[in-house]
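Letters A, B, ... mirror the listed sequences (proteins, then strands); counts begin at 1. Here the structure is a predicted model, which is why all the values come from computation and not from measurement.
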Amino acid sequence: MKNDASFFDLVYDVVRLIPSGRVSSYGAIAKYLGTAKSARMVGWAMNAARALPDVPAHRVVNRVGLLSGKNHFAHPKRMQELLEQEGVEIKEDRVLHFTKIFWDPEKELSL
DNA sequence: CCATTGACTTAAG
DNA sequence: CCTTAAGCCAATG
């Protein structure tokens, strides 16, 4: 059996766990995976995640709640719309109440 | 193999 | 939270 637990697969696994109406950050996910300094790699993984329907990449934003990845979606507005559909308020491409709806895998999963 | 790039983060101002 | 600078690591050319 080949456990091809690639970095990407691990990222997908965490991102899939993000509940609706919540958002997480690349750094938080990276840290959870043990590669805290490779937050960029999480973004890179997300780039590949576009092909995967199970990976809600729109719930992953940067550390200040900025929709840094919106430009990589089908349409730049897509990410904001998806988040708003889940009850996340967006203003100027930024998540409102970011600290409140922020979902940290290290905290939420280790409780 | 070396250079560039990127959906980031942190530190300092 | 804004800007500038530097660090980080994998993929891509």
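Residue A:Lys77 holds its NZ atom at 13.5 Å from CE of A:Met79, rounded to the nearest 0.5 Å.
Note: NE2 (A:His72) to C1' (B:dG6) measures 8 Å, nearest angstrom. Rounded to an integer number of Å, the gap from A:Met46 CE to B:dT5 P is 24 Å. Taking atom CZ of residue A:Phe7 and atom P of nucleotide B:dA7, one finds them 15 Å apart after rounding to whole Å. Distance CG (A:Leu66) to C1' (C:dC1): 11 Å, rounded to an integer number of Å.
When heavy atoms are screened at a 4.0 angstrom cut-off, A:Asn47 is found touching base atoms of the nucleic acid. Residue contacts for A:Ala45: at a heavy-atom cut-off of 4.0 Å it reaches no nucleic acid atom on any strand shown. In this structure, A:Arg59 reaches neither bases nor backbone, as no heavy-atom distance under 4.0 Å exists between it and the strands shown.
Linking Ile, Leu, Val, Met, Phe, Trp and Tyr residues whenever their side-chain heavy atoms come within less than 4.5 Å places A:Met46 and A:Tyr32 in a single cluster.
A:Arg78 CZ: 12 or fewer foreign heavy atoms inside a 6.0 Å radius.
Distances from the side chain of A:Ser25 to the nucleotides C:dC1, B:dA7, B:dT9 place B:dT9 closest. With C:dC1, B:dA7, B:dT10 as the candidates, the nucleotide lying closest to the side chain of A:Arg63 is B:dT10.
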Exercise. What does nucleotides 6-13 of chain C look like as a protein-contact string, B for base, S for sugar-phosphate only, - for none, at under 4.0 angstrom between heavy atoms?
Worked result: -BBBSS--
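Annotation: side chain to side chain contact (heavy atoms under 4.5 Å, CB included) contacts of A:Ser24 (sequence neighbours excluded): A:Ile18, A:Ala28, A:Ile29, A:Phe102, A:Trp103, A:Pro105.
The shortest distance between the side-chain N/O atoms of A:Arg78 and the OP1/OP2 oxygens of B:dA7 is not below 4.0 Å.
With 3.5 Å as the limit, one finds a donor-acceptor pair spanning the side chains of A:Glu84 and A:Gln80.
Looking at A:Glu108 and A:Arg22, their side chains come closer than 4.5 Å, going by heavy atoms from C-beta outward.
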